[in-house]
2 protein chains.
Amino acid sequence: MTRKEAIRYAATVLFAHKGFQETTMQDICKVTGTAEGTIFYHFKSKEGLLMAILEHAKTQILSEYEAAFTGRDFASGLEMMEEAVAHYFRLAGVMEHEFTLLQRQFPHQLAEENPECRSHLAAIYSCLTDIFERVVRAGQADGSMGAFPPRETAMILFAMVDGLLRLKTCNLYDAGALYDELIASCRRMLAKPCDGSC
Amino acid sequence: MTRKEAIRYAATVLFAHKGFQETTMQDICKVTGTAEGTIFYHFKSKEGLLMAILEHAKTQILSEYEAAFTGRDFASGLEMMEEAVAHYFRLAGVMEHEFTLLQRQFPHQLAEENPECRSHLAAIYSCLTDIFERVVRAGQADGSMGAFPPRETAMILFAMVDGLLRLKTCNLYDAGALYDELIASCRRMLAKPCDGSC
DNA sequence: AATTTGACTGAGTGCTCAGTCGGTTTTTCT
DNA sequence: AGAAAAACCGACTGAGCACTCAGTCAAATT
(Lines give C-alpha, C1' and ligand atoms only; values in the text may rest on other atoms or scores of the structure.)
Protein backbone atom coordinates (compact mmCIF):
# COMPACT_ATOMS: atom_id res chain seq x y z
CA MET A 1 0.00 0.00 0.00
CA THR A 2 1.51 3.32 -1.05
CA ARG A 3 1.62 6.32 1.22
CA LYS A 4 -1.11 7.97 -0.77
CA GLU A 5 -3.39 4.96 -0.42
CA ALA A 6 -2.65 4.77 3.30
CA ILE A 7 -3.69 8.39 3.71
CA ARG A 8 -6.87 7.85 1.72
CA TYR A 9 -7.74 4.77 3.73
CA ALA A 10 -7.12 6.44 7.08
CA ALA A 11 -9.20 9.42 6.01
CA THR A 12 -12.02 7.10 4.95
CA VAL A 13 -12.13 5.50 8.38
CA LEU A 14 -11.90 8.81 10.22
CA PHE A 15 -14.40 10.70 8.04
CA ALA A 16 -16.83 7.79 8.34
CA HIS A 17 -16.68 7.54 12.11
CA LYS A 18 -15.89 11.06 13.30
CA GLY A 19 -17.32 13.14 10.46
CA PHE A 20 -15.66 15.41 7.91
CA GLN A 21 -15.41 18.68 9.85
CA GLU A 22 -14.78 16.77 13.06
CA THR A 23 -11.69 15.08 11.60
CA THR A 24 -8.55 17.24 11.50
CA MET A 25 -5.65 16.80 9.18
CA GLN A 26 -3.55 16.13 12.28
CA ASP A 27 -5.79 13.18 13.13
CA ILE A 28 -4.95 11.71 9.75
CA CYS A 29 -1.25 12.44 10.32
CA LYS A 30 -1.26 10.64 13.63
CA VAL A 31 -2.88 7.51 12.20
CA THR A 32 -0.67 7.32 9.14
CA GLY A 33 2.51 8.63 10.75
CA THR A 34 3.03 11.25 8.06
CA ALA A 35 3.63 14.98 8.23
CA GLU A 36 0.86 17.41 7.39
CA GLY A 37 2.65 18.66 4.32
CA THR A 38 2.62 15.17 2.84
CA ILE A 39 -1.15 15.02 2.73
CA PHE A 40 -1.27 18.30 0.85
CA TYR A 41 1.43 17.03 -1.46
CA HIS A 42 -0.82 14.12 -2.50
CA PHE A 43 -4.23 15.82 -2.28
CA LYS A 44 -4.85 19.44 -3.09
CA SER A 45 -7.16 20.08 -0.12
CA LYS A 46 -9.27 18.38 2.52
CA GLU A 47 -12.22 18.46 0.12
CA GLY A 48 -10.01 17.02 -2.62
CA LEU A 49 -9.17 14.15 -0.28
CA LEU A 50 -12.88 13.47 0.19
CA MET A 51 -13.36 13.51 -3.59
CA ALA A 52 -10.62 10.92 -4.00
CA ILE A 53 -12.35 8.75 -1.41
CA LEU A 54 -15.69 9.03 -3.18
CA GLU A 55 -14.17 8.31 -6.56
CA HIS A 56 -12.44 5.23 -5.19
CA ALA A 57 -15.66 4.04 -3.52
CA LYS A 58 -17.56 4.57 -6.75
CA THR A 59 -15.08 2.57 -8.79
CA GLN A 60 -15.06 -0.25 -6.28
CA ILE A 61 -18.84 -0.45 -5.89
CA LEU A 62 -19.48 -0.38 -9.64
CA SER A 63 -16.94 -3.13 -10.32
CA GLU A 64 -18.19 -5.29 -7.45
CA TYR A 65 -21.72 -5.12 -8.85
CA GLU A 66 -20.47 -5.71 -12.36
CA ALA A 67 -18.71 -8.85 -11.12
CA ALA A 68 -21.71 -10.09 -9.17
CA PHE A 69 -24.46 -9.60 -11.73
CA THR A 70 -23.16 -9.72 -15.28
CA GLY A 71 -23.41 -13.02 -17.09
CA ARG A 72 -25.23 -14.71 -14.25
CA ASP A 73 -28.74 -16.00 -14.42
CA PHE A 74 -31.06 -16.82 -11.58
CA ALA A 75 -33.73 -19.45 -11.04
CA SER A 76 -36.31 -16.70 -10.57
CA GLY A 77 -36.67 -12.99 -9.87
CA LEU A 78 -37.13 -13.85 -6.20
CA GLU A 79 -33.80 -15.67 -6.16
CA MET A 80 -32.18 -12.71 -7.86
CA MET A 81 -33.69 -10.41 -5.24
CA GLU A 82 -32.22 -12.55 -2.51
CA GLU A 83 -28.82 -12.35 -4.14
CA ALA A 84 -29.11 -8.57 -4.59
CA VAL A 85 -29.88 -8.07 -0.90
CA ALA A 86 -27.19 -10.53 0.15
CA HIS A 87 -24.68 -8.75 -2.04
CA TYR A 88 -25.62 -5.41 -0.55
CA PHE A 89 -25.00 -6.76 2.95
CA ARG A 90 -21.77 -8.41 1.85
CA LEU A 91 -20.51 -5.18 0.26
CA ALA A 92 -21.52 -3.19 3.32
CA GLY A 93 -19.31 -5.54 5.29
CA VAL A 94 -16.31 -5.54 2.94
CA MET A 95 -16.48 -1.78 2.36
CA GLU A 96 -17.71 -1.00 5.85
CA HIS A 97 -16.11 2.42 6.15
CA GLU A 98 -17.12 3.58 2.69
CA PHE A 99 -20.74 2.62 3.34
CA THR A 100 -20.77 4.34 6.71
CA LEU A 101 -19.37 7.44 5.06
CA LEU A 102 -22.07 7.35 2.39
CA GLN A 103 -24.70 7.15 5.10
CA ARG A 104 -23.55 10.47 6.52
CA GLN A 105 -24.99 13.73 5.25
CA PHE A 106 -21.83 15.62 4.42
CA PRO A 107 -21.24 13.98 1.02
CA HIS A 108 -24.84 14.68 0.00
CA GLN A 109 -24.54 18.22 1.25
CA LEU A 110 -21.34 18.83 -0.63
CA ALA A 111 -22.98 17.36 -3.73
CA GLU A 112 -25.30 20.36 -3.85
CA GLU A 113 -22.47 22.70 -4.77
CA ASN A 114 -19.77 20.40 -6.06
CA PRO A 115 -20.60 18.79 -9.42
CA GLU A 116 -17.82 16.22 -9.15
CA CYS A 117 -19.17 15.05 -5.82
CA ARG A 118 -22.69 15.01 -7.25
CA SER A 119 -21.57 12.86 -10.14
CA HIS A 120 -19.85 10.27 -7.92
CA LEU A 121 -22.86 9.95 -5.64
CA ALA A 122 -25.28 9.74 -8.55
CA ALA A 123 -23.22 6.91 -10.09
CA ILE A 124 -23.14 4.99 -6.81
CA TYR A 125 -26.83 5.35 -6.07
CA SER A 126 -28.04 4.58 -9.54
CA CYS A 127 -25.91 1.45 -9.53
CA LEU A 128 -27.44 0.35 -6.24
CA THR A 129 -31.05 1.15 -7.14
CA ASP A 130 -30.88 -0.07 -10.74
CA ILE A 131 -30.06 -3.57 -9.53
CA PHE A 132 -33.26 -3.64 -7.50
CA GLU A 133 -35.22 -2.38 -10.48
CA ARG A 134 -33.75 -5.12 -12.65
CA VAL A 135 -34.70 -7.60 -9.95
CA VAL A 136 -38.33 -6.50 -10.01
CA ARG A 137 -38.50 -6.55 -13.81
CA ALA A 138 -36.93 -10.00 -13.92
CA GLY A 139 -39.38 -11.27 -11.32
CA GLN A 140 -42.30 -9.90 -13.27
CA ALA A 141 -40.99 -11.38 -16.52
CA ASP A 142 -40.73 -14.88 -15.06
CA GLY A 143 -43.99 -14.58 -13.17
CA SER A 144 -42.56 -14.87 -9.67
CA MET A 145 -43.49 -11.31 -8.72
CA GLY A 146 -46.68 -9.28 -8.85
CA ALA A 147 -47.29 -6.40 -11.24
CA PHE A 148 -45.99 -3.58 -9.06
CA PRO A 149 -44.42 -0.43 -10.51
CA PRO A 150 -40.74 -1.43 -10.91
CA ARG A 151 -38.98 1.83 -10.10
CA GLU A 152 -41.09 2.63 -7.07
CA THR A 153 -40.85 -0.91 -5.76
CA ALA A 154 -37.09 -0.83 -6.27
CA MET A 155 -36.82 2.39 -4.26
CA ILE A 156 -38.83 0.87 -1.43
CA LEU A 157 -36.58 -2.19 -1.44
CA PHE A 158 -33.55 0.05 -1.39
CA ALA A 159 -34.97 2.14 1.46
CA MET A 160 -35.60 -1.05 3.42
CA VAL A 161 -32.09 -2.45 3.06
CA ASP A 162 -30.39 0.90 3.52
CA GLY A 163 -32.64 1.80 6.45
CA LEU A 164 -31.76 -1.46 8.13
CA LEU A 165 -28.04 -0.82 7.76
CA ARG A 166 -28.57 2.64 9.21
CA LEU A 167 -29.97 1.09 12.38
CA LYS A 168 -26.56 -0.45 12.87
CA THR A 169 -24.65 2.75 12.06
CA CYS A 170 -26.69 4.59 14.68
CA ASN A 171 -26.28 1.81 17.27
CA LEU A 172 -30.02 1.21 17.35
CA TYR A 173 -30.12 -2.45 16.33
CA ASP A 174 -27.84 -5.08 14.88
CA ALA A 175 -28.75 -5.24 11.21
CA GLY A 176 -27.26 -8.71 10.76
CA ALA A 177 -29.73 -10.19 13.25
CA LEU A 178 -32.57 -9.07 11.00
CA TYR A 179 -31.16 -10.46 7.78
CA ASP A 180 -33.25 -13.63 7.56
CA GLU A 181 -36.38 -11.79 8.56
CA LEU A 182 -35.63 -9.13 5.97
CA ILE A 183 -35.37 -11.67 3.16
CA ALA A 184 -38.62 -13.31 4.24
CA SER A 185 -40.34 -9.91 4.40
CA CYS A 186 -39.13 -8.98 0.93
CA ARG A 187 -40.36 -12.27 -0.49
CA ARG A 188 -43.84 -11.72 0.93
CA MET A 189 -43.83 -8.15 -0.29
CA LEU A 190 -42.85 -9.03 -3.83
CA ALA A 191 -44.41 -12.42 -4.48
CA LYS A 192 -47.35 -12.57 -6.84
CA PRO A 193 -50.52 -12.43 -4.75
CA CYS A 194 -52.68 -15.54 -4.92
CA ASP A 195 -55.66 -15.38 -7.23
CA GLY A 196 -58.34 -14.94 -4.59
CA SER A 197 -59.47 -18.55 -4.51
CA CYS A 198 -58.55 -18.67 -0.85
CA MET B 1 -42.40 33.17 20.96
CA THR B 2 -39.84 34.20 23.54
CA ARG B 3 -36.27 35.05 22.67
CA LYS B 4 -35.10 31.73 24.07
CA GLU B 5 -37.59 29.78 21.96
CA ALA B 6 -36.59 31.75 18.87
CA ILE B 7 -32.95 30.83 19.44
CA ARG B 8 -33.81 27.17 19.95
CA TYR B 9 -35.93 27.12 16.81
CA ALA B 10 -33.29 28.82 14.67
CA ALA B 11 -30.66 26.43 15.97
CA THR B 12 -32.89 23.45 15.17
CA VAL B 13 -33.21 24.58 11.55
CA LEU B 14 -29.52 25.35 11.19
CA PHE B 15 -28.23 22.22 12.94
CA ALA B 16 -30.60 20.09 10.86
CA HIS B 17 -29.56 21.52 7.51
CA LYS B 18 -25.96 22.61 7.99
CA GLY B 19 -24.84 20.25 10.75
CA PHE B 20 -23.74 20.89 14.31
CA GLN B 21 -20.05 21.70 13.84
CA GLU B 22 -20.82 23.44 10.57
CA THR B 23 -23.19 25.89 12.25
CA THR B 24 -21.52 28.74 14.11
CA MET B 25 -23.01 30.69 16.97
CA GLN B 26 -22.80 33.72 14.70
CA ASP B 27 -25.06 31.98 12.17
CA ILE B 28 -27.68 31.65 14.88
CA CYS B 29 -27.16 35.30 15.87
CA LYS B 30 -27.72 36.47 12.33
CA VAL B 31 -30.96 34.53 11.94
CA THR B 32 -32.41 35.55 15.30
CA GLY B 33 -30.99 39.08 15.36
CA THR B 34 -29.47 38.63 18.81
CA ALA B 35 -26.00 39.19 20.19
CA GLU B 36 -23.74 36.23 20.81
CA GLY B 37 -23.78 36.75 24.55
CA THR B 38 -27.54 36.29 24.61
CA ILE B 39 -27.32 32.69 23.46
CA PHE B 40 -24.89 31.88 26.23
CA TYR B 41 -27.12 33.66 28.69
CA HIS B 42 -29.97 31.26 27.85
CA PHE B 43 -27.96 28.08 27.14
CA LYS B 44 -24.79 27.13 28.92
CA SER B 45 -22.96 25.99 25.78
CA LYS B 46 -23.44 24.97 22.17
CA GLU B 47 -23.88 21.38 23.32
CA GLY B 48 -26.38 22.54 25.94
CA LEU B 49 -28.36 24.19 23.18
CA LEU B 50 -28.44 20.89 21.29
CA MET B 51 -29.64 19.12 24.45
CA ALA B 52 -32.48 21.61 24.79
CA ILE B 53 -33.46 20.93 21.19
CA LEU B 54 -33.46 17.15 21.74
CA GLU B 55 -35.43 17.42 24.95
CA HIS B 56 -38.02 19.58 23.23
CA ALA B 57 -38.24 17.16 20.29
CA LYS B 58 -38.62 14.24 22.67
CA THR B 59 -41.46 15.89 24.58
CA GLN B 60 -43.24 16.83 21.38
CA ILE B 61 -42.90 13.42 19.72
CA LEU B 62 -44.02 11.50 22.81
CA SER B 63 -47.08 13.69 23.28
CA GLU B 64 -48.03 13.53 19.59
CA TYR B 65 -47.95 9.73 19.70
CA GLU B 66 -49.82 9.72 22.98
CA ALA B 67 -52.53 11.83 21.39
CA ALA B 68 -52.71 9.73 18.23
CA PHE B 69 -52.82 6.23 19.74
CA THR B 70 -54.26 6.21 23.24
CA GLY B 71 -57.91 5.38 23.58
CA ARG B 72 -58.36 4.70 19.88
CA ASP B 73 -59.25 1.37 18.40
CA PHE B 74 -58.82 0.20 14.84
CA ALA B 75 -60.80 -2.06 12.55
CA SER B 76 -57.79 -4.37 12.26
CA GLY B 77 -54.06 -4.54 12.82
CA LEU B 78 -53.57 -3.65 9.16
CA GLU B 79 -55.63 -0.48 9.60
CA MET B 80 -53.60 0.39 12.67
CA MET B 81 -50.40 -0.15 10.69
CA GLU B 82 -51.64 2.23 8.04
CA GLU B 83 -52.38 4.85 10.66
CA ALA B 84 -48.95 4.35 12.29
CA VAL B 85 -47.17 4.90 8.98
CA ALA B 86 -49.41 7.84 8.11
CA HIS B 87 -48.73 9.38 11.48
CA TYR B 88 -45.01 8.97 11.04
CA PHE B 89 -45.17 10.81 7.71
CA ARG B 90 -47.43 13.46 9.17
CA LEU B 91 -45.07 14.04 12.11
CA ALA B 92 -42.07 14.14 9.80
CA GLY B 93 -43.85 16.94 7.99
CA VAL B 94 -44.96 18.92 11.03
CA MET B 95 -41.61 18.51 12.81
CA GLU B 96 -39.58 18.57 9.63
CA HIS B 97 -36.44 20.10 11.09
CA GLU B 98 -36.42 17.94 14.21
CA PHE B 99 -36.71 14.78 12.10
CA THR B 100 -33.97 15.91 9.74
CA LEU B 101 -31.76 16.57 12.75
CA LEU B 102 -32.47 13.12 14.17
CA GLN B 103 -31.46 11.59 10.84
CA ARG B 104 -28.00 13.09 11.17
CA GLN B 105 -25.24 11.25 12.97
CA PHE B 106 -24.09 13.89 15.41
CA PRO B 107 -26.83 13.29 17.97
CA HIS B 108 -26.14 9.56 17.92
CA GLN B 109 -22.43 10.19 18.19
CA LEU B 110 -22.83 12.55 21.11
CA ALA B 111 -25.08 9.96 22.76
CA GLU B 112 -22.08 7.69 23.15
CA GLU B 113 -20.50 9.97 25.72
CA ASN B 114 -23.37 12.12 26.92
CA PRO B 115 -25.92 10.19 29.01
CA GLU B 116 -28.52 12.95 28.79
CA CYS B 117 -28.34 12.85 25.02
CA ARG B 118 -28.51 9.06 25.09
CA SER B 119 -31.61 9.15 27.22
CA HIS B 120 -33.45 11.58 24.93
CA LEU B 121 -32.68 9.54 21.83
CA ALA B 122 -33.60 6.27 23.50
CA ALA B 123 -36.96 7.71 24.52
CA ILE B 124 -37.67 8.95 21.02
CA TYR B 125 -36.68 5.74 19.26
CA SER B 126 -38.44 3.41 21.63
CA CYS B 127 -41.58 5.47 21.22
CA LEU B 128 -41.34 5.19 17.44
CA THR B 129 -40.52 1.48 17.30
CA ASP B 130 -42.88 0.40 20.07
CA ILE B 131 -45.83 1.64 18.05
CA PHE B 132 -44.88 -0.66 15.19
CA GLU B 133 -44.48 -3.55 17.58
CA ARG B 134 -47.94 -2.88 19.00
CA VAL B 135 -49.24 -2.80 15.45
CA VAL B 136 -47.85 -6.24 14.68
CA ARG B 137 -49.14 -7.71 17.93
CA ALA B 138 -52.58 -6.24 17.34
CA GLY B 139 -52.64 -7.61 13.79
CA GLN B 140 -51.70 -11.05 15.02
CA ALA B 141 -54.30 -10.93 17.76
CA ASP B 142 -57.12 -10.11 15.35
CA GLY B 143 -55.86 -12.52 12.71
CA SER B 144 -55.11 -9.94 10.01
CA MET B 145 -51.36 -10.56 10.13
CA GLY B 146 -49.16 -13.62 9.89
CA ALA B 147 -47.19 -15.08 12.81
CA PHE B 148 -43.97 -13.12 12.30
CA PRO B 149 -41.66 -12.22 15.21
CA PRO B 150 -43.14 -8.90 16.44
CA ARG B 151 -40.01 -7.01 17.48
CA GLU B 152 -38.02 -7.94 14.40
CA THR B 153 -40.91 -7.21 12.08
CA ALA B 154 -41.41 -3.87 13.82
CA MET B 155 -37.76 -2.97 13.28
CA ILE B 156 -38.03 -3.81 9.59
CA LEU B 157 -41.14 -1.67 9.28
CA PHE B 158 -39.33 1.15 11.04
CA ALA B 159 -36.28 0.77 8.82
CA MET B 160 -38.54 0.95 5.76
CA VAL B 161 -40.34 4.12 6.76
CA ASP B 162 -37.23 5.81 8.11
CA GLY B 163 -35.18 4.72 5.11
CA LEU B 164 -37.77 6.19 2.80
CA LEU B 165 -37.68 9.53 4.58
CA ARG B 166 -33.91 9.48 4.33
CA LEU B 167 -34.15 9.31 0.56
CA LYS B 168 -35.81 12.70 0.74
CA THR B 169 -33.29 14.14 3.20
CA CYS B 170 -30.47 13.11 0.86
CA ASN B 171 -32.25 14.46 -2.22
CA LEU B 172 -32.38 11.00 -3.76
CA TYR B 173 -36.13 10.60 -4.18
CA ASP B 174 -39.32 12.28 -3.07
CA ALA B 175 -40.59 10.14 -0.23
CA GLY B 176 -44.15 11.44 -0.55
CA ALA B 177 -44.45 10.04 -4.07
CA LEU B 178 -43.83 6.55 -2.67
CA TYR B 179 -46.38 6.81 0.14
CA ASP B 180 -49.20 4.80 -1.49
CA GLU B 181 -46.80 2.18 -2.77
CA LEU B 182 -45.24 1.93 0.69
CA ILE B 183 -48.59 1.25 2.35
CA ALA B 184 -49.42 -1.39 -0.26
CA SER B 185 -46.00 -3.03 0.20
CA CYS B 186 -46.41 -3.11 3.98
CA ARG B 187 -49.86 -4.70 3.64
CA ARG B 188 -48.47 -7.48 1.43
CA MET B 189 -45.53 -7.96 3.76
CA LEU B 190 -47.65 -8.27 6.87
CA ALA B 191 -50.86 -9.90 5.71
CA LYS B 192 -51.47 -13.49 6.72
CA PRO B 193 -50.29 -15.73 3.87
CA CYS B 194 -53.03 -17.73 2.20
CA ASP B 195 -53.32 -21.35 3.26
CA GLY B 196 -51.76 -22.95 0.24
CA SER B 197 -54.97 -23.90 -1.51
CA CYS B 198 -53.93 -21.74 -4.41
C1' DA C 1 -37.10 57.81 43.94
C1' DA C 2 -33.84 54.40 44.74
C1' DT C 3 -32.51 49.69 44.25
C1' DT C 4 -32.49 45.24 42.53
C1' DT C 5 -33.05 41.92 39.06
C1' DG C 6 -33.18 39.77 34.57
C1' DA C 7 -32.38 40.27 29.66
C1' DC C 8 -29.24 41.58 26.58
C1' DT C 9 -24.86 43.43 24.29
C1' DG C 10 -20.50 43.06 21.45
C1' DA C 11 -15.59 43.72 21.67
C1' DG C 12 -12.15 40.81 23.28
C1' DT C 13 -9.49 36.16 24.18
C1' DG C 14 -7.21 32.13 23.50
C1' DC C 15 -7.27 28.25 20.86
C1' DT C 16 -7.79 25.18 16.85
C1' DC C 17 -7.34 24.27 12.24
C1' DA C 18 -6.57 24.07 6.93
C1' DG C 19 -3.24 25.17 4.16
C1' DT C 20 1.83 27.04 2.94
C1' DC C 21 6.63 27.03 2.21
C1' DG C 22 11.51 26.49 2.41
C1' DG C 23 14.20 22.90 3.07
C1' DT C 24 15.64 17.76 3.50
C1' DT C 25 15.64 12.99 2.23
C1' DT C 26 14.84 9.28 -0.94
C1' DT C 27 14.34 7.47 -5.41
C1' DT C 28 15.16 7.38 -10.28
C1' DC C 29 17.66 8.31 -14.28
C1' DT C 30 21.94 9.09 -16.96
C1' DA D 1 28.76 8.84 -9.00
C1' DG D 2 26.23 12.84 -9.90
C1' DA D 3 22.13 15.22 -11.18
C1' DA D 4 17.35 15.64 -11.38
C1' DA D 5 12.93 14.59 -9.82
C1' DA D 6 9.70 12.99 -6.58
C1' DA D 7 8.35 12.35 -1.87
C1' DC D 8 8.35 14.06 2.53
C1' DC D 9 8.86 17.10 6.56
C1' DG D 10 7.15 20.33 10.30
C1' DA D 11 7.32 25.07 11.89
C1' DC D 12 4.57 28.76 10.67
C1' DT D 13 0.41 31.71 9.33
C1' DG D 14 -3.89 33.79 9.30
C1' DA D 15 -8.66 33.02 9.65
C1' DG D 16 -12.46 31.43 12.25
C1' DC D 17 -14.36 29.67 16.26
C1' DA D 18 -16.73 29.00 21.15
C1' DC D 19 -16.99 31.26 24.96
C1' DT D 20 -16.19 35.42 28.42
C1' DC D 21 -16.97 39.56 30.69
C1' DA D 22 -17.69 44.23 31.96
C1' DG D 23 -21.17 46.84 31.25
C1' DT D 24 -26.04 48.92 29.38
C1' DC D 25 -30.89 49.14 29.67
C1' DA D 26 -35.57 48.51 31.09
C1' DA D 27 -38.85 46.53 34.01
C1' DA D 28 -40.11 45.07 38.67
C1' DT D 29 -39.75 45.79 43.65
C1' DT D 30 -39.28 48.40 47.86
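Keep in mind that this is a model prediction, so the values were computed, not measured. Heavy-atom basis, side chains included; hydrogens, waters and symmetry copies ignored.
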Find the distance [X]:[atom1] to [N]:[atom2] and express it as a whole number of Å.
X	N	atom1	atom2	answer
A:I28	D:dC8	CD1	C1'	16 Å
B:L49	D:dC17	CG	C1'	16 Å
A:F43	D:dC8	CZ	P	11 Å

* Please determine if a side-chain N or O atom of A:T38 lies less than 4.0 Å away from the OP1 or OP2 oxygen of D:dC9. =>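 True: A:T38 side-chain N/O within range (under 4.0 Å) of D:dC9 OP1/OP2.
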* To do: Return no unless some side-chain N or O of A:H42 is found under 4.0 Å from OP1 or OP2 of D:dA6.
  =>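 A:H42 to D:dA6 OP1/OP2: no side-chain N or O under 4.0 Å.
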* To do: Share the residues that join B:Y9 in a hydrophobic cluster, the rule being Ile, Leu, Val, Met, Phe, Trp or Tyr side chains under 4.5 Å apart at the heavy-atom level.
  =>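 Reading the cluster by chain and number, B:Y9 sits alongside B:V13.
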* ILVMFWY cluster membership beyond B:M1 - transitive side-chain contacts under 4.5 angstrom ->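 Other cluster members: none.
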* Looking at residues at least two apart in the chain, or sitting in another chain, which of them share a salt bridge (Lys or Arg N to Asp or Glu O under 4.0 Å) with B:E133? ->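 By the salt bridge (Lys or Arg N to Asp or Glu O under 4.0 Å) rule, B:E133 matches B:R137, B:R151.
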Taking N or O atoms only and anything under 3.5 Å, show me the protein contacts with nucleotides 17-23 of chain C, one pair per line.
residue, atom, partner, partner atom, Å
C:dA18, OP1, A:T23, O, 3.3
C:dA18, OP1, A:K46, NZ, 2.7
C:dA18, OP2, A:M25, N, 2.9
C:dG19, OP2, A:K46, N, 2.7
C:dG19, N7, A:E36, OE2, 3.3
C:dG19, O6, A:E36, OE2, 3.4

* Asked: For the residue pair A:F69 and A:F74, does the interplanar ring angle fall in the parallel (under 30°), tilted (30 to 60°) or perpendicular (over 60°) class?
  ->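 Ring orientation of A:F69 relative to A:F74: tilted.
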* To do: Decide salt bridge (charged side-chain N to carboxylate O under 4.0 Å, His left out) for A:E98 and A:K58; before the verdict, give the C-alpha distance in whole Å, the side-chain angles of both, and the deciding distance to 0.1 Å.
  => CA-CA 10 Å; A:E98 285 84 353; A:K58 179 187 76 179; over 6 Å; no
* Taking atom types as modelled, is there a side-chain donor on B:R3 or B:H42 under 3.5 Å from an acceptor on the other? ->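 The criterion, which ignores hydrogens and geometry beyond distance, is not satisfied for B:H42 and B:R3.
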* To do: Name every residue in residues 2-18 of chain B that has at least one heavy atom under 4.0 Å from any atom of DNA chain D, in order of residue number, or write none if there are no such residues.
  =>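 Of all residues in residues 2-18 of chain B, none places a heavy atom under 4.0 Å from DNA chain D.
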* Could you tell me which residues satisfy ring-ring contact (aromatic ring centres under 6.0 Å, His included) with A:F158, sequence neighbours excluded, listed by chain and number? =>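 Per chain and number, A:F158 pairs via ring-ring contact (aromatic ring centres under 6.0 Å, His included) with A:Y125.
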* To do: Can you figure out which of C:dG10, D:dA7, C:dC8 approaches the side chain of A:Y41 most closely?
  =>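 Minimum distance to the A:Y41 side chain belongs to D:dA7.
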* Within 45 degrees of the axis of the six-membered ring of A:Y41 and under 6.0 Å from its centre: does A:K4 put its NZ or CZ there? ->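 No, cation not above the ring by the 6.0 Å, 45° rule.
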